[in-house]
Amino acid sequence: MFPYPSGAGLHVGHPRGYTATDVYARYKRLNGYNVLHPMGWDAFGLPAENFAIKNKVHPEKVVKENVAKFKQQLKNFDLQYDWDKEINTTDPNYYRWTQFIFLKLFERGLAYEDESPINFCPSCKTGLANEEVVGGSCERCGSTIERKKIRQWILKITEYADRLLEDLDGLDWPEPIKEMQRNWIGRSEGSSIIFDIKDIDKSIEVYTTRADTLFGCTWVVLAPEHQLIQNLKDKIDNWDEVEKYIIKSQNKSDLERTELQKEKTGVEIKGITAINPINGEEIPIWISDYVLAHYGTGAVMAVPAHDDRDFQFAKKFNIPIKYVIEPKFVGIDGDGAIKPGLDFMRRNAICAIVRNPKNDNYLCVSWKKFKMHGLITGGIEKDEDPIETAKREIREETGYKNLKFIKSEPLAINTQFYHRVKRENRWAHFQFLHFELENEEKDEIDQKESQLHDILWKSKNELKDFFTVFEGQYIADLLQNGESAFTGHGILVNSAEFDGLESEEAKKKITEKLKACGHGDFSVNYKLRDWVFSRQRYWGEPIPIVHCKKCGIVPVPEKDLPVILPHVEKYEPTGDGTSPLSNEKDPAILKWLNTKCPKCGGQAKRETNTMPQWAGSCWYYIAYLMKDGSKYEWNKEKIDQWLPVDLYVGGAEHAVLHLLYARFWHKILYDEKLVGSKEPFQKLINVGTILGVDGRKMSKSFGNTISPDSLLKKYGSDALKMYELYIGPFSQMAKWDQNGIVGMHRFLQKVEKISYNDKNSDKNNVIINKAIKKVSNDIESFNFNTAISAIIETFNSIHSNSWSKLDVQSFLTLLYPFAPKTTTKISSSLKINIKQWPEINNKYLQAENIIIPVQINGKIREQLVVKNDITEKEIRDLVDSNKKIKQWIPSGNIKKFIFVKNKIVSIVV
RNA sequence: GGGCGAGUGGCGGAAUUGGUAGACGCGCAGGUCUCAAAAACCUGUGAUCGCAAGAUCAUGUGGGUUCGAUUCCCACCUUGCCCACCA
């Protein structure tokens with residue numbers, strides 16, 4: 001990922017990723033590949049502009065200086081870049097094509113103007129995309145985001161949601177990044193349900209993923225922004241109250257609306273009621289700002305028993321709670337009968353909980369026919385002793401007989417439950433009897449008769465549903481006295497003909513029924529929102545659009561590109577939602593602003609908003625392939641020859657910003673047949689951030705940045721680069737520790753003194769060939785830290801002996817990608833060529849003699865030096881005659897003799 | 001609250017599909033060189049006991065599976081990252 005050239009210059013965290021791709025590129029080149037390893041500058045956007053405003057230097061100049069500084073620093077690292085392909089997003093020759101791609105989006109109807117409330121940063125004075133808002137604050141400056149209605153250009157990224165989601169599967173990316181994109185796109189499958197409004201020819205459409213809970217819906221909530229409220233203004237009895245609430249919530253920032261998570265607010269709309277389409281029940285309509293206008297339909301059905309937010313709302317406003325889902329509680333009673341749900345429980349029921357103290361697991365039985373498992377339950381007659389009954393039933397079902405009674409827990413005395421078959425509320429007297437298994441001795445049981453096929457031990461966690469009932473008591477109790485709703489899936493109750501169905505099935509059946517009567521359908525929703533693409537700032541690509549009084553919005557013809565950003569003296573943001581480029585008092589702007597309509601030739605004005613920082617980086621990987629001298633040319637054949645990018649290295653923080661945007665643009669280019677690939681970056685590897693010595697992210701504001709300049713001077717680029725990679729696993733964060741570089745420096749100094757005199761030795765050949773294999777594999781898999789330690793290890797073991805010329809050549813080649821400067825210097829003085837990556841000679845990969853450890857009862861007692869591929873018989877003889885081993889086998893009796901070829905001998909006595 | 005990951009010496013971290021835990025580097029200790037120091041080089045370095053050979057204990061805690069577990073299973077503790085009223 002190309003850098004944003006900031007004024008502070010590089011700190012030691014930056015070169016880690018650059019070094020990694022440099023090592024990889026050099027390695028691949030030595031292996032005969034044609035590698036493009038380019039570098040460029042992402043230079044439009046807020047940081048440069050804010051710096052410019054603060055220091056009163058034009059951003060153009062700022063960028064020029066910063067780029068020069070960055071470039072010099074990178075050159076000091078001796079990175080092998082293809083500098084002739086260097087790009088800069090602020091170069092008009094470059095952004096001509098950024099604008100060109102925007103026109104393609106516009107032609108396809110994927111870019112549109114809109115004026116709706118968007119995220120606005122009061123400090124940066126510009127609108128922002130959803131992706132740029134982190135926890136209600138501006139990603140750049142941390143200011144609290146406001147909602148503001150501004151004229152905006154929007155890109156329809158949602159139209160590509162499904163493709164962006166599906167194509168993730170084929171990418172060789174870190175799974176967490178893919179998962180983050182999936183979550184961000186946030187596809188959810190559910191149902192839309194239409195609630196008619198009583199006596200009025202209007203309806204409310206809600207979106208839900210839990211159609212199975214529809215019978216538990218006791219009111220409907222609209223977002224304050226919902227259109228229907230305005231439309232039904234004169235039917236609403238308490239309009240004043242409603243209007244007041246709408247205004248109040250409009251003034252709340254997103255942060256305020258989300259921060260007050262616990263206290264729900266809302267107003268009941270009096271005068272109108274909704275009708276639940278599944279049962280015709282009349283229910284009230286509320287407005288509340290916990291419902292988001294921009295997700296789903298801006299309205300939800302409230303099911304307090306099975307949704308935490310609705311539950312809190314109901315508690316606050318005393319709305320009745322009706323439960324329709326019960327945990328899937330399967331009990332197996334003494335008759336061998338299995339019944340889902342809670343309704344099987346009798347007036348006097350017992351549930352036996354048998355704990356195995358050895359492993360803290362609980363006894364269950366499974367029922368083959370229904371693929372269910374459960375604790376043992378049963379009914380008791382009036383004069384029966386519950387403990388004895390339970391013991392008897394456990395024994396009959398499982399055979400276990402040695403049970404210690406621990407306690408009886410009448411947790412659910414007179415708990416109400418709904419009897420599904422009889423359709424009535426009932427009271428049951430439950431007793432949970434806790435036993436512990438004293439020993440695992442068993443009686444034989446008749447499998448056929450009991451009809452059980454398996455006895456299981458499950459952990460408490462696996463039996464969560466059961467323990468919900470035991471510990472939180474009944475669901476009815478849970479809802480009445482508890483803190484939260486039951487949001488899990490389960491079995492339907494109180495739901496007419498759908499009673500007894502499982503949640504998933506019920507969702508389907510209920511939606512199908514609604515569909516049949518025109519009150520609902522299956523529906524898909526996304527969290528992803530369209531991309532707010534315009535910025536009310538100066539330092540960005542002008543959007544190539546002209547506003548004509550006669551023709552309206554007219555795109556600038558391709559031949560007139562680029563629309564060059566005018567050089568102006570005053571570029572401070574206005575803060576009122578307009579761009580600094582609309583300031584007609586500046587003659588330079590005025591000259592640029594007024595133009596002719598490309599369509600009718602009449603007077604027209606240019607679009608004054610600019611593109612966001614992400615625009616230039618959305619296609620820059622293509623620009624490297626287009627660059628020829630100072631020009632760019634779209635040569636599809638050449639582009640397709642190289643794309644997709646084989647290896648892309650950068651930080652994980654771009655997971656939902658750059659990496660999503662670039663994929664979106666690439667797909668448009670694919671649809672335009674401008675590129676032949678569906679995805680821009682085939683393989684992605686994340687570079688772990690280098691933290692400051694204080695453990696925080698290196699940043700100018702923390703004052704913990706460390707400049708590489710003095711380290712380069714003291715230790716040289718090779719030592720510093722090697723240390724950057726040696727500090728830890730490449731994708732893992734690492735704390736900077738200055739002292740570590742010394743080790744690399746010492747090593748390289750030792751290498752510099754290398755000399756050869758001897759002939760080849762087999763011993764060295766074995767060492768070298770092992771190293772070639774290890775280092776090759778490690779570079780391919782980006783395990784640079786272990787590659788370097790293998791190189792050091794190789795050096796140490798040969799250096800204590802003697803080097804041959806071939807040894808030195810192979811060794812220097814292995815080291816070359818990491819330390820090009822040092823190895824080049826040595827190789828030229830020793831007259832050795834580093835031209836090609838050494839080939840592995842398999843002959844040397846297997847040593848003649850190997851060391852086999854001998855374990856006795858799991859402990860290593862002896863090590864035998866034996867020839868490779870020794871047979872079990874041969875080694876058995878060696879073991880039998882070994883005195884030391886004999887000492888550990890006083891009885892002379894070997895119970896078990898295990899031999900894993902070329903690995904280990906394990907003896908049990 | 002949801003999703004994903006991580007816990008190994010004084011420190012950063014190594015350990016193919018379960019098979020000699022602690023590679024490699026830093027640091028530390030002792031030594032060489034030096035009038036001295038720095039740098040450099042050599043040796044040692046998980047803990048406990050022992051003169052030693054060696055033994056015992058050790059990969060967050062507690063269990064389990066196995067001849068054998070850092071690795072697999074279960075529970076718990078600690079910690080990191082991402083998302084978060086998405087219905």
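Numbered from 1 within each chain, the chains take letters A, B, ... in sequence-line order. Please read all numbers here as calculations on a predicted model, not as lab measurements.
- Note on I898(A): a base of the nucleic acid sits closer than 4.0 angstrom, heavy atoms only.
- Checking the phosphate oxygens (OP1, OP2) of G12(B), no side-chain nitrogen or oxygen of Q732(A) falls inside 4.0 Å.
- Ring-plane geometry between F795(A) and H799(A) is classed as parallel, the angle between the planes falling under 30 degrees on a 0 to 90 degree scale with a further cut at 60.
- Separation of the C1' atoms belonging to A14(B) and U20(B) is 15 Å when rounded to the nearest angstrom.
- In this structure, W286(A) and F313(A) have perpendicular ring planes: the angle between them is above 60°, well past the 30° mark.
- Among the protein residues, V908(A) comes within range of the sugar-phosphate backbone only, with heavy atoms under 4.0 Å from sugar or phosphate atoms but none that close to a base.
- Taking atom C1' on both nucleotides, C49(B) is separated from A38(B) by 40 Å, rounded to a whole Å.
- In summary, the side chains of T213(A) and Y323(A) do not present any donor paired with an acceptor at a separation below 3.5 Å, with no hydrogens or angles considered.
- Between A6(B) and U71(B), the two C1' atoms lie 15 Å apart (nearest whole Å).
- If you check the side chains of S789(A) and Y726(A), you find no donor sitting under 3.5 Å from an acceptor.
- Distance M733(A) CE to U79(B) P: 16 Å, rounded to the nearest Å.
- Using a 4.0 Å heavy-atom distance criterion, W219(A) is classed as making no nucleic acid contact.
- Atom CD of E225(A) is separated from atom C1' of C85(B) by 14 Å (rounded to the nearest Å).
- The gap from the P atom of C35(B) to that of A55(B) amounts to 48 Å, rounded to the nearest Å.
- In this structure, R861(A) does not reach the C67(B) phosphate: none of its side-chain N or O atoms is under 4.0 Å from OP1 or OP2.
- Look at the C1' atom in both A21(B) and G9(B): the space between them is 11 Å, to the nearest Å.
- Scanning atom types as modelled, one donor and one acceptor separated by under 3.5 angstrom connect the side chain of K903(A) and the base of U17(B).
- Considering only the side chain of Y290(A), C85(B) comes nearest among C85(B), G19(B), A14(B).
- The residue K859(A) sits close only to the backbone: its heavy atoms come under 4.0 Å of sugar-phosphate atoms, none of a base.
- Judged purely by distance below 3.5 Å, without hydrogens or angles, the side chains of D778(A) and T786(A) pair a donor atom with an acceptor atom.
- A glycosidic torsion no more than 90° from 0 defines the syn conformation, and G9(B) adopts it.
- Set against C67(B), U20(B), G13(B), the side chain of P729(A) has G13(B) as its closest nucleotide.
- In terms of modelled atom types and a separation under 3.5 Å, the side chain of D530(A) and the main chain of I157(A) share a donor-acceptor contact.
- For a distance-only test at 3.5 Å, the side chain of K895(A) fails to qualify as a donor-acceptor partner of the base of C67(B).
- Listed by first and then second residue, the salt bridge (charged side-chain N to carboxylate O under 4.0 Å, His left out) pairs that reach into residues 725-747 of chain A come to none, sequence neighbours excluded.
- A donor and an acceptor atom, one from each side chain of D310(A) and Y290(A), are located under 3.5 Å apart.
- Side chains of Y526(A) and S188(A): no donor on one and acceptor on the other come within 3.5 Å.
- Shown here for L659(A) and A655(A), the closest heavy-atom pair between the two residues is CB-O, 3.8 Å.
- Between the C1' atom of C82(B) and the CG atom of L660(A) lies a distance of 15 Å, rounded to the nearest Å.
- Look at the P atom in both G30(B) and U17(B): the space between them is 43 Å, to the nearest Å.
- Distance M180(A) CE to G5(B) P: 14 Å, rounded to the nearest Å.
- For the pair Q749(A) and N785(A), nearest-nucleotide mapping onto RNA chain B gives the more 5' position to N785(A).
- Judged purely by distance below 3.5 Å, without hydrogens or angles, the side chains of E131(A) and W531(A) never pair a donor atom with an acceptor atom.
- At whole-Å resolution of the value, CD1 in I860(A) and C1' in A69(B) are 13 Å apart.
- The interatomic distance linking Y207(A) (OH) with A87(B) (C1') rounds to 8 Å, in whole Å.
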Encode nucleotides 24-31 of chain B as B, S and - characters from 5' to 3', where the letter depends on protein heavy atoms closer than 4.0 Å: B to the base, S only to sugar-phosphate, - to neither.
BBSS----
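- Ranking U20(B), A87(B), C4(B) by closeness to the S188(A) side chain, first place goes to A87(B).
- Counting only heavy atoms from C-beta on, K264(A) has its side chain closest to C85(B) among C85(B), A87(B), C4(B).
- The CZ atom of R16(A) sits 14 Å away from the P atom of G12(B) (whole-angstrom rounding).
- Counted by atom type alone, D521(A) and S523(A) present zero donor-acceptor pairs between their side chains at under 3.5 Å.
- Looking at which nucleotide of RNA chain B each of T786(A) and K527(A) is closest to, the 5′-most match is held by T786(A).
- For the C1' atoms, the distance from C72(B) to C24(B) is 29 Å, rounded to whole Å.
- As rounded to the nearest Å, G13(B) and C4(B) have P atoms that lie 24 Å from one another.
- One interatomic measurement links the two molecules: CG of N783(A) to P of U16(B), which rounds to 11 Å at whole-angstrom precision.
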A correct dot-bracket answer for RNA chain B, with pairs being Watson-Crick or G-U at under 3.5 Å, [ ] for crossing pairs and | for inter-strand pairs, is (((((((..(((......[....)))((((((.......))))))((((....))))..(((((..]....))))))))))))....
